[in-house]
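Working notes, beginning with the structure itself.
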Amino acid sequence: MVTCSAPGKMILFGEHAVVFGKSALALAINLRITSSVRSANQYSVNGHPMKKRHHMYISAALDEAWGGPPINIDTSSEIPSGSGLGSSAAVTVSCVGAMMAHRGGIEPEKIALKSFLVENKVQGRASPTDTSTSTHGQGIIVSPERLDNFLWRIEQGQRSWNIHHCAVPKLHFVVGYTGIHASTGPLVAGVKKLADSSSEAVRAIDRIGEVVLEGVDAMAASDKKRLGHLMDENHMLLNSLEVGHPELDKLVEACRPCSYGAKLTGAGGGGSMIALTDDPHAVAKAIQEAGGEPIIVDVGVEGIRLEDGGMSRKR
Ligand code: MEV
């Protein structure tokens, strides 16, 4: 048996715009999904026969990264599904990693590419942000140009993304989960439809791309005030792309008095928001009082990891 775990993520800046080839900045968080793979007589997931309809990401991961004799896959998750915290990326990355490790060793670049292809297939249209963050861990900068600290490049049709390591300073974030399950695919498709018909939406996407670049500088300078202002602006721009939700606005507003800034994170439409603060407990209380589920998270954690220690990580 081979077991791998992979972290969830929070997108600090750039969700949705990154699907159009703009930049993004994302951080791995200390909520993980663990997947174990072992030889079996038939394909099964958590003890049940595998069904494409129920196990979309795992079944697509098998198509992309396995193609061998039947295996059983067991998963366990600390990440609520549809919460905007990267559960589909983490299940995909941990499964693809475990399948590769079963065959001899994990190679982060290959795992990131295959996992992106899985998400793109299941979601209909995706960027490699979530899957590359879950693979590399720590922080990543996604950019149309190749920068310093380059890790790998992912191409899909006309679109391409360069993935870079981003050093993460000590920052305190609190997640506010609305409890509202949101599917990424339809939200991504909705933004594409809006961008095809509205120049205002195109301008919002362009501005998000600029916010990301300013955010990367603010991150390098550990400038929390600037980061907070940019988070607030990014939230407003995402609302203009119609991926907000009144519950997200409620949690964001509740956090403002005790945080540098707050925004929705991930696909939106429900899911989660994040706030940057020096006082995580005050923010957690504000989120709870506003009806959300607070999660105080650590950021910049390790990416894909073998849990049974028996295999090497190829470079
Ligand atoms: C979802 O976590 C992030 C989106 O930008 C979609 C993607 O990048 O594939 C909304």
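Position 1 is the first residue of the sequence; numbering continues from there. In each ligand, atom 1 is the first atom listed, and ligand 1 is the first ligand listed.
- In summary, the side chains of T34 and E307 do not present any donor paired with an acceptor at a separation below 3.5 Å, with no hydrogens or angles considered.
- Contact check on E119 versus K121 returns no salt bridge, with no Lys/Arg side-chain nitrogen under 4.0 Å from an Asp/Glu carboxylate oxygen.
- At a cut-off of 3.5 Å, with distance as the only test, a side-chain donor of D249 or H235 sits close to an acceptor on the other residue.
- At a heavy-atom cutoff of 4.0 Å, ligand 1 is surrounded by K9, I11, E15, H16, V18, V19, Q123, A126, S127, D130, V188, G266, A267.
- D74 and N72 are linked by a side-chain donor-acceptor pair at a separation below 3.5 angstrom, with hydrogens and angles left out of the test.
- Residues D278 and Y260 bring a donor and an acceptor atom of their side chains to less than 3.5 Å of each other.
- Look at E242 and K193 and you find no salt bridge, because none of the NZ, NE, NH1 or NH2 atoms lies under 4.0 Å from a carboxylate O.
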